[in-house]
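In this text, all values refer to a predicted model and were calculated from it rather than measured experimentally. Both counts, for ligands and for their atoms, begin at 1 and track the order of listing.
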Amino acid sequence: MNDDELRGVFDRMASAYDSKVARMAPINNGLYFLLESVLAELPQEARILCVGVGTGTELIHLAGVFPGWRFTAVEPSGAMLDVCRTRVGEVDLSSRCHFHEGYLESLPLEEMYDAATCFLVSQFILDAQARSDFFRQIANRLLPGGILANSDLSADVESEDYDALLAVWQRVMATSTVSAEGLDRMKSGYAKDVAILPSAALASIIESGGFDRPVQFFQAGLIHGWFAKRATATHAQHVGRTDPNHPARTGDP
Ligand SMILES: C[S@@+](CC[C@H](N)C(=O)[O-])C[C@H]1O[C@@H](n2cnc3c(N)ncnc32)[C@H](O)[C@@H]1O
C-alpha cells in the first residue's frame with residue numbers, strides 16, 4: 001500500500017476505529033501502564049511528539065497521568081485526527097495539544113521534544129531503509145537523551161510457531177466467529193501490507209535510525225514495545241547546531 005492508500009484505509013476506518021479496537025483495551029492498558037514508568041523521569045513540563053496518533057488514545061492516557069506535559073499529535077489521516085481532536089476536547093485537553101495533519105516531514109522544525117510515541121505505525125513501512133529513515137526523522141526531533149517509545153506487530157513469520165501464534169491473535173482480534181479462511185486472509189493481509197519482523201530485526205532498524213540500542217519493554221501477543229534513547233551523534237549529524245532552522249530549545253550542553 002502506498003501512503004495515499006494507507007491514509008484512505010484509516011480515513012474510512014476512523015469513525016469505527018475505537019469500537020473496533022475496544023477489545024484490545026487490556027493490551028493497550030498494559031502497554032500504557034509500563035509506558036508511564038518508561039517516561040517517568042521526564043521533566044514535569046515535557047513536550048511529547050505523538051507520531052501516528054490515530055484517535056489519540058496514547059496521548060489522552062499520558063496527558064491524564066502527567067498534567068504538565070504538552071503534546072504534538074502528528075497524523076496523516078484527517079478523519080483519524082478529527083476523532084482525536086474531538087476526544088481531546090471532550091476531556092478538556094485541547095489547550096495542551098497541537099494537531100498536525102500530515103507526516104513528520106511537513107511538521108515545522110520549531111521545537112524539540114523530550115520524548116516521542118509511535119504506536120503501531122512503522123509496521124506499515126515495508127522497506128527496511130525507509131523504516132530506518134522514518135525513525136531517524138523522529139530522532140532528529142528529540143532533545144539529547146530524548147526517548148522514543150515504539151510499538152509494532154512483531155514475530156518471526158518464518159518460525160514454526162507463527163501459525164499457532166497467529167491463530168491465537170486472530171481470536172484475540174475477532175469480533176465474530178473465527179474460521180480457517182479468516183486466518184488465511186489475516187496471514188496473507190499481514191504478509192502483503194504489514195512488515196512483521198522479529199524483535200531483534202526491528203530493534204536493529206530503530207537503532208540504525210539514530211537511537212541507542214532499544215530495550216524491549218513489552219509484549220502481548222503480536223504487539224511488542226521498545227524504548228530507546230536518541231543516540232548522541234544524531235543531532236550533530238543531521239540537524240546541526242549551525243542549522244538556521246535549529247530550534248531555540250535544544251537543551252544541548
Ligand atoms: C494502527 S493506527 C494506530 C493509532 C494509535 N497510535 C494507536 O495506537 O491507537 C496507525 C496510525 O498511524 C498513521 N500512520 C500511518 N503511516 C504513518 C506515517 N508514515 N507517519 C505518521 N502516521 C502514520 C495512520 O494514519 C494511523 O492513524
Less than 3.5 Å apart, which donor and acceptor atoms pair up between the side chains of residues 32-40 and the rest of the protein, not counting sequence neighbours?
residue: E36; atom: OE2; partner: H61; partner atom: NE2; Å: 2.7

hydrophobic_cluster_shared for L197 and I138, side chain cutoff 4.5 Å:
yes
Can you confirm whether the side chains of D133 and Q129 place a donor and an acceptor under 3.5 Å from each other?
yes
Between ligand 1 and the protein, which N/O pairs fall short of 3.5 Å?
residue: ligand 1; atom: 6 (N); partner: G52; partner atom: O; Å: 2.8
residue: ligand 1; atom: 6 (N); partner: E58; partner atom: OE1; Å: 3.2
residue: ligand 1; atom: 6 (N); partner: E58; partner atom: OE2; Å: 3.1
residue: ligand 1; atom: 6 (N); partner: F119; partner atom: O; Å: 3.0
residue: ligand 1; atom: 8 (O); partner: E58; partner atom: OE1; Å: 3.4
residue: ligand 1; atom: 9 (O); partner: Y17; partner atom: OH; Å: 3.4
residue: ligand 1; atom: 25 (O); partner: E75; partner atom: OE2; Å: 2.5
residue: ligand 1; atom: 27 (O); partner: E75; partner atom: OE1; Å: 2.7
residue: ligand 1; atom: 27 (O); partner: E75; partner atom: OE2; Å: 3.0

Applying ring pair (Phe, Tyr, Trp, His ring centres under 6.0 Å) as the test, list every pair that has at least one member in residues 117-154; sequence neighbours left out.
F10-F124
Output every pair passing ring pair (Phe, Tyr, Trp, His ring centres under 6.0 Å) with a member in residues 67-108, not counting sequence neighbours, ordered by first then second residue.
F66-W69
Side chain to side chain contact (heavy atoms under 4.5 Å, CB included) partner of D114, chosen from I147, L142, L143
L143
